[in-house]
Amino acid sequence: MSESAGDLPSAWAGALAAAGSVPMSAAETRALAAVLADWVRDALTDPVAARKAGSAVGSALIDSHHTQPESLAASIAVLADHLPTEIDSAVRTALYAGLAAGYAEGLRDRTRREQEAIRIAVLDAHRTGEARFRAVFRGAALGIGIADGEGRILEINEPLARMLGRDARAARGLEISSLRLPTDPPEYWEHYRALLAGRRRQMTGEKQFVLSDGEVIWARMRASSVIGDDGKTALVVGLFEDITERREMTERLRHQATHDPLTGLPNRTLLLEELAATLNFRDGRAEGEDTESEDTESTESEDAADADDGDGLAESGSAKSGEAGEGRRIAVCFLDIDGFKAVNDTLGHDAGDRLLIQIAARLREAVEPHAHPVARMGGDEFVILLPDTAGPQSAIEVAERVLAAIREPVLLDGRELTVTGSIGIVEQPVEGAGPSELLRAADVTLYWAKAAGRDRWALFDPQRNARQVARYALSQELPGALERGELFLEYQPIVDLADQRVRSLEALVRWNHPRLGLLGPGRFVPLAEETGAIVALGRWVLRRAVADAATWPRPPEGAPVTVSVNVAVPQVRDPGLVREVRDALEAGGLPPARLQLELTESAVMEPGRRGRPAVQRLRELADLGVRIAIDDFGTGYSNLAYLRRLPAHTLKIDSSFVKGLIPAAVPDGGAQDGSEEPIVSSLINLARACGMMVIAEGVETGAQAETLRKLGADTGQGYYFSRPLPADQVPALILSGFGDAGRH
Ligand code: C2E
Ligand code: MG
Ligand code: MG
């Protein structure tokens with residue numbers, strides 16, 4: 001919040017001084033604060049370091065006698081105000097949590113030492129006489145109470161009287177058991193009875209007292225019995241430490257750690273807890289097995305349990321324990337605001353924050369009738385938990401309500417803004433569901449909704465997910481496959497339509513997968529494009545194809561045959577492409593003019609960036625002397641005028657147009673006869689006008705080949721001429737001069 005982290009030490013010193021009287025001079029307090037501030041500053045790098053530093057600061061506060069809870073509260077407040085704003089919230093939370101933990105731990109150690117001293121003094125005093133006893137009794141800050149062997153109060157000191165809200169003198173004769181409250185844990189009173197009966201020598205526990213005005217006091221209690229000469233319990237001495245404020249502080253910290261400060265909604269941590277509770281999902285053993293032995297020294301387990309102090313979630317979901325599973329269903333709706341980044345970028349982060357606050361309020365309202373938990377997962381992501389659904393339909397209804405609520409125009413800085421959201425829904429039986437799996441599935445589904453066009457919901461489909469997972473697995477295997485030599489190339493001839501001679505061969509990659517068999521590029525090239533593996537794959541193809549082509553013989557007549565290699569969009573974006581092409585040509589010893597690179601329209605267009613970088617790279621490639629072909633032309637969005645400016649030599653007309661050429665041999669094909677002919681014709685004319693050669697793809701019949709020739713295409717490629725061939729068949733094909741030889 002503050003821009004000047006430099007004020008931290010003095011602000012801190014001031015806050016500590018104001019928090020309570022400590023025998024420390026102002027200069028000493030400043031020195032202390034300066035040291036603590038240094039510790040904090042050095043640890044703001046990550047949550048682990050922050051937590052450690054917080055803990056050290058907490059115990060230093062106790063060691064320096066800042067034992068009033070106000071010191072802790074004031075320290076946290078000062079830090080919240082003075083930490084640089086850019087410090088991550090996870091780091092902040094870790095720092096505060098560490099601070100509270102270190103403080104509590106230090107205080108506990110200190111109290112334990114104090115209590116031990118008092119206990120010994122009280123027991124001693126009981127043996128040796130009143131005088132010293134009185135002094136301890138009166139001077140203690142702790143509440144002390146003494147009862148007889150029957151459990152009647154003999155005496156309490158002032159601090160304890162205050163905790164009980166009673167007059168110290170009036171408390172005499174009171175039955176301790178009359179302080180029982182319905183909210184007390186039953187063990188507390190069992191242990192107490194054991195203490196009176198002499199079956200226990202000590203007990204510890206936390207005890208609640210309710211004052212007459214309803215105020216609740218929490219005390220940590222530690223009691224010991226004194227055995228009389230007759231072997232029976234003669235006295236019970238109880239020491240009470242008021243931990244009310246500490247509990248409140250812990251609760252406040254817990255609230256902070258489990259809620260989003262911006263919207264006040266539960267955060268991811270709390271959502272995961274709720275989800276786990278709803279699913280009755282526990283990774284530990286069954287609960288309630290707290291085997292408290294009758295061993296008089298067994299107090300540590302109770303102390304350890306204090307870590308759960310102030311768990312405000314006790315009631316959520318746990319009521320359902322035991323009956324979980326059995327037909328119950330659960331749903332998770334994962335929401336993301338569409339285009340939220342644009343709001344942040346154009347209107348600023350403050351406006352973005354205000355939008356999130358409004359959306360959070362709408363979400364709460366939309367789920368209001370059922371009070372489904374809504375959490376903010378971070379950024380513009382929210383999750384709605386439906387702990388009890390009847391089937392997908394009920395979750396879909398909630399999702400639709402939420403989407404409708406978001407769609408309502410928002411007023412932001414006097415401007416009306418319409419935003420939309422996308423939701424991934426997972427709805428399934430509680431049985432067998434895990435919290436993080438559910439969230440992950442909902443997140444995946446959210447992306448389906450986004451991919452389907454946003455402003456909508458999608459429902460999780462396990463089969464679709466399985467396909468995606470398989471695709472993903474395949475993409476992970478690809479780099480290894482390259483190394484293991486599982487990839488290979490086939491070559492498909494590109495044939496002169498006039499004389500049927502092979503002019504070029506297109507390299508087409510295949511994967512001989514050990515488990516799945518032969519895979520065509522359609523199965524893995526798009527994946528490789530997504531993961532980026534295409535860059536390495538493409539490099540391999542280029543080197544292999546160039547090396548192969550360098551060994552090809554010269555045809556009996558005409559110019560040497562060229563090799564045509566596909567280049568994917570990510571490769572064009574890769575700044576290393578030009579150098580790689582040059583290196584491959586050099587390594588293979590192939591003249592640049594015998595290499596043709598096939599780029600799809602999208603690669604040369606680079607939508608959004610107006611094609612500029614791609615064009616530049618194309619030009620550099622063309623300058624090397626290699627040929628450039630535009631692949632699958634007609635399927636993208638190329639601006640025809642733009643085509644003229646491309647340094648491309650060849651246009652490959654997509655097979656879909658060629659398919660539309662009705663075989664001329666069919667007499668009177670009716671309305672569809674030659675329906676694509678005018679388009680193919682104009683594409684060819686366009687290419688000609690731009691000075692480009694034309695390859696027609698997917699030629700499957702002689703009639704198509706003939707029509708294309710008439711329309712002016714130079715070359716054709718397709719099953720009519722040849723299927724892609726194994727690399728070792730290429731030299732013979734070239735030497736044969738093709739003609740009819742390669743036709744199937
Ligand atoms: P493409 O570059 O348009 O390659 C032509 C595809 O059409 C090849 O499929 C080829 O076998 C097929 N084809 C050829 N003639 C005919 C025909 O008459 N009828 C029909 N129906 N199909 C025909 P393939 O080998 O499955 O390759 C598919 C796509 O995979 C290629 O389309 C290309 O985009 C991509 N691809 C293949 N190899 C590579 C590569 O090494 N790198 C990159 N980046 N992409 C590749
Ligand atoms: Mg191609
Ligand atoms: Mg093509």
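Counting convention: from 1, in listed order, for ligands and their atoms alike. Computed from a prediction, not measured in an experiment: that's the story for all the values here. Values reported hereafter were calculated over all heavy atoms of this structure, with side chains retained and with hydrogens, waters and symmetry mates removed.
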> R688 pairs by side chain to side chain contact (heavy atoms under 4.5 Å, CB included) with which of L651, L683, D714?
Replying inline: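 Exactly one candidate clears the test, D714.
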>> I need the single residue from L386, L385, L363 that forms a side chain to side chain contact (heavy atoms under 4.5 Å, CB included) with C333. Which is it?
In response: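 When side chain to side chain contact (heavy atoms under 4.5 Å, CB included) is applied between C333 and each of L386, L385, L363, only L386 qualifies.
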> When you look at E697 and D631, which way does the side chain to side chain contact (heavy atoms under 4.5 Å, CB included) test go after all the steps?
Replying inline: CA-CA 9 Å; E697 290 188 88; D631 203 354; 3.3 Å; yes
With heavy-atom distances below 4.0 Å as the criterion, list the atoms of ligand 1 near [X].
| X | answer |
| --- | --- |
| D631 | 1 (P), 2 (O), 3 (O) |
| A568 | 44 (N) |
| E700 | 17 (C), 18 (O), 19 (N), 20 (C), 21 (N) |
| V541 | 41 (O) |

> Should the pair R501-D496 be classified as a salt bridge under the 4.0 Å nitrogen-to-oxygen rule?
Replying inline: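 Judged by the 4.0 Å cut-off on N to carboxylate O distance, R501 and D496 do not form a salt bridge.
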> Salt-bridged, D623 to R619, with N to O below 4.0 Å?
Replying inline: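 No salt bridge links D623 with R619.
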Using non-hydrogen atoms of the residue, decide whether [X] is closer than 4.0 angstrom to ligand 1.
| X | answer |
| --- | --- |
| P724 | yes |
| E506 | yes |
| G698 | yes |

Write the atom name of the N, O or S atom in [X] that is nearest the Mg ion (ligand 2).
| X | result |
| --- | --- |
| E506 | OE2 |
| E598 | OE1 |
| D631 | OD2 |

Please classify the [X] to ligand 1 contact at 4.0 Å (heavy-atom distances, strictly less than): side chain, backbone, both or neither.
| X | result |
| --- | --- |
| E490 | neither |
| D632 | side chain |
| R510 | side chain |
| L508 | both |
| L489 | neither |

>> Run the side chain to side chain contact (heavy atoms under 4.5 Å, CB included) test on E677 and T707 for me, step by step, so that the C-alpha distance in whole Å, both residues' side-chain angles and the decisive distance to 0.1 Å come before the verdict.
In response: CA-CA 9 Å; E677 226 185 274; T707 307; 4.0 Å; yes
>> Between D336 and S422, is there a side-chain donor-acceptor contact under 3.5 Å, judged purely by atom types and distance?
In response: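 Judged by distance alone, the side chains do not pair up.
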> If we ignore angles and hydrogens, is there a donor and acceptor under 3.5 Å between the side chains of Q596 and T562?
Replying inline: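 No, no side-chain donor-acceptor pair sits under 3.5 Å.
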> In terms of the angle between their ring planes, are F524 and W511 parallel, tilted or perpendicular, with boundaries placed at 30° and 60°?
Replying inline: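 Aromatic pair F524/W511 classed perpendicular.
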> Out of P521, S655, S722, G716, whose heavy atom sits nearest atom 29 (C) of ligand 1?
Replying inline: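 Looking at heavy atoms only, the winner is P521.
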> Looking only at non-hydrogen atoms, which of V565, D654, L519, V509 approaches atom 40 (C) of ligand 1 most closely?
Replying inline: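 Considering heavy atoms of V565, D654, L519, V509, the nearest to atom 40 (C) of ligand 1 sits in V509.
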>> Please check if the number of heavy atoms outside R268 that lie under 6.0 Å from its CZ is greater than 12.
In response: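 Open.
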> Within a radius of less than 6.0 Å around OH of Y472, do more than 12 heavy atoms belonging to other residues, nucleotides or ligands occur?
Replying inline: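 Result for OH/Y472: open.
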>> Determine whether F721 and Q500 satisfy the following criterion, side chain to side chain contact (heavy atoms under 4.5 Å, CB included), listing intermediate values before the conclusion.
In response: CA-CA 8 Å; F721 302 109; Q500 313 263 300; 3.9 Å; yes
Does ligand 1 come near enough to [X] that some N or O of the ligand is less than 3.5 Å from an N or O of the residue?
| X | value |
| --- | --- |
| Q492 | yes |
| V525 | no |
| E529 | no |

> Is there a side-chain contact between P555 and V561 (heavy atoms, below 4.5 Å)?
Replying inline: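 Yes, side chains in contact.
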> Would one find an N, O or S atom of N566, in either backbone or side chain, under 2.8 Å from the Mg ion (ligand 2)?
Replying inline: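 Yes, within the cut-off.
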